[in-house]
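To start, the structure itself, in structure tokens.
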Amino acid sequence: MNTEDPDDVPTRALGRANPLKPAFADDDAPTARIAKPSRLPQPEPSPVPSPAAIVETTHAVTRRISGPRRLETFVEPQAPSRLQSFSSEPAREPVELPVGFVVIVSGPGRGSYFPIYNGMNSLGRDASNTIIVDFGDDKISRESHCFLTFDDEDGAFWIQHGGKSNLVRLNDKPVMEPVAMTDGDYIRVGASKFRFVALCNASFNWLMFE
């Protein structure tokens, strides 16, 4: 015969262990530990070089790449001897001395002046002439429109034409043959007018000072 108190049945039922429930309390339940990923050691940042260091490094590399260095030897300069100083001087070319001048007083190139030398001096627009008057006056021939001549033996100046179609005039008169000139004469060639200035004359000649 079952003599258990029916009032104790619920109590025993509640006191039985639940096979689906752990036998320990929730507070005592072991917790799973999740391993945290470890951090890899970070390399220390390298110092940033200054601009001056970069320039110096660049220059150093450039010097190394440019080629092998040469040992430079210093030779003390020696003063040239008196004989060497005279022999090393270049020979001076003789200077051609002027005997007179012509000055453009009217027309293109006004104010320009040109020296006259001993012997015959051709006047024209081309660079081959002694007196080059290339200022835009197309009435002057390119080569030897006229000749201005100085004779150093008698100290006289002469003018003569060069056989061109445009006449040469001395003091407004056409020059058809060699004509003697005097200081202050006017020469007209094309549209240009020149004044003749004599340097050498009866009282002065370069031969007097040789």
Side-chain angles (χ1 to χ4, degrees), residues 62 66-67 72 75-210:
T62 303
S66 59
E72 298 181 359
V75 179
E76 184 177 358
Q78 298 180 356
S81 63
R82 190 175 184 85
L83 181 60
Q84 291 176 346
S85 62
F86 280 110
S87 61
S88 60
E89 292 182 356
R92 295 183 179 180
E93 296 182 0
V95 178
E96 194 170 5
L97 303 175
V99 295
F101 299 89
V102 285
V103 185
I104 300 178
V105 295
S106 178
R110 179 183 178 186
S112 301
Y113 58 92
F114 311 90
I116 301 173
Y117 302 103
N118 184 39
M120 299 184 69
N121 301 263
S122 61
L123 185 150
R125 292 187 290 119
D126 193 74
S128 61
N129 296 279
T130 308
I131 302 173
I132 305 170
V133 286
D134 189 11
F135 297 102
D137 188 352
D138 295 337
K139 293 182 179 180
I140 299 177
S141 299
R142 291 186 178 274
E143 297 181 0
S144 305
H145 195 116
C146 66
F147 293 91
L148 307 179
T149 305
F150 176 74
D151 185 358
D152 59 349
E153 291 189 0
D154 60 3
F157 290 89
W158 301 82
I159 183 173
Q160 66 186 71
H161 64 80
K164 308 301 179 182
S165 58
N166 291 333
L167 295 177
V168 179
R169 298 180 182 273
L170 178 66
N171 298 325
D172 295 330
K173 295 181 179 180
V175 177
M176 309 304 294
E177 58 184 4
V179 180
M181 295 191 301
T182 57
D183 184 39
D185 284 349
Y186 288 95
I187 304 167
R188 181 151 53 93
V189 183
S192 301
K193 193 171 186 178
F194 302 80
R195 179 179 172 87
F196 167 65
V197 180
L199 176 61
C200 293
N201 47 37
S203 62
F204 171 79
N205 194 304
W206 290 110
L207 297 176
M208 300 168 57
F209 297 92
E210 288 186 349

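What you see below is based on every heavy atom in this structure, not just the backbone, and it leaves out hydrogens, waters and symmetry mates.
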Would you sort out whether Asp183 and Val197 count as a side chain to side chain contact (heavy atoms under 4.5 Å, CB included), showing the intermediate values?
CA-CA 5 Å; Asp183 184 39; Val197 180; 4.0 Å; yes

Test item: Asp172 and Tyr186 side chains (from C-beta on) under 4.5 Å apart, heavy atoms:
no

Return the CZ to CG distance between Arg142 and Asn129, rounded to the nearest 0.5 Å.
11.0 Å

Is it the case that more than 12 heavy atoms not belonging to Met208 sit under 6.0 Å from its CE atom?
yes

Provide the closest heavy-atom pair for Arg110 versus Val105 in the form atom of the first, atom of the second, distance.
NE-O, 3.5 Å

Output the distance between atom CD1 (Ile131) and atom CZ (Phe194), rounded to the nearest 0.5 Å.
8.0 Å

Would you sort out whether His145 and Val133 count as a side chain to side chain contact (heavy atoms under 4.5 Å, CB included), showing the intermediate values?
CA-CA 11 Å; His145 195 116; Val133 286; over 6 Å; no

Checking side chain to side chain contact (heavy atoms under 4.5 Å, CB included) for the pair Phe135/Ile140: CA distance, chi angles, key distance, verdict?
CA-CA 10 Å; Phe135 297 102; Ile140 299 177; over 6 Å; no

How many angstroms lie between OG1 in Thr130 and CZ in Phe147, if you round to the nearest 0.5 Å?
8.5 Å

With the side chain counted from C-beta on, respond yes when Leu148 and Met181 share a heavy-atom pair under 4.5 Å apart, and no when they do not.
yes

So CZ of Phe114 and CG of Asn121: to nearest 0.5 Å the spacing works out to 12.5 Å

Cys146 side chain reached by Val189 side chain, heavy atoms, under 4.5 Å:
yes

Value for CG (Asn171) from OG1 (Thr182), rounded to nearest 0.5 Å, stands at 7.0 Å

Test ring pair (Phe, Tyr, Trp, His ring centres under 6.0 Å) applied to Phe150 and Phe101, Phe157, Tyr117, the passing residue
Phe157

Please examine the side chains of Arg125 and Asp138, heavy atoms only from C-beta on, and report whether any two atoms are closer than 4.5 Å.
yes

Output, in order, the C-alpha distance, side-chain angles, deciding distance and verdict of side chain to side chain contact (heavy atoms under 4.5 Å, CB included) for Asp152 and Trp206.
CA-CA 9 Å; Asp152 59 349; Trp206 290 110; over 6 Å; no

Give the minimum heavy-atom separation between Ile187 and Val168, together with the two atoms involved.
CG2-CG1, 4.3 Å

Considering all heavy atoms of both residues, which atom of Pro174 and which atom of Leu167 are nearest to each other, and what is their separation?
CB-CD1, 4.2 Å

Shortest non-hydrogen contact between Gly190 and Lys139, atoms and distance:
CA-CB, 3.6 Å

Over 12 non-hydrogen atoms of neighbours within 6.0 angstrom of OH in Tyr113
no

Closest non-hydrogen atom pair, Glu143 against Asp126
CG-CB, 4.2 Å

Here the pair of heavy atoms bringing Cys200 nearest to Asn205 is SG-CA, 4.3 Å

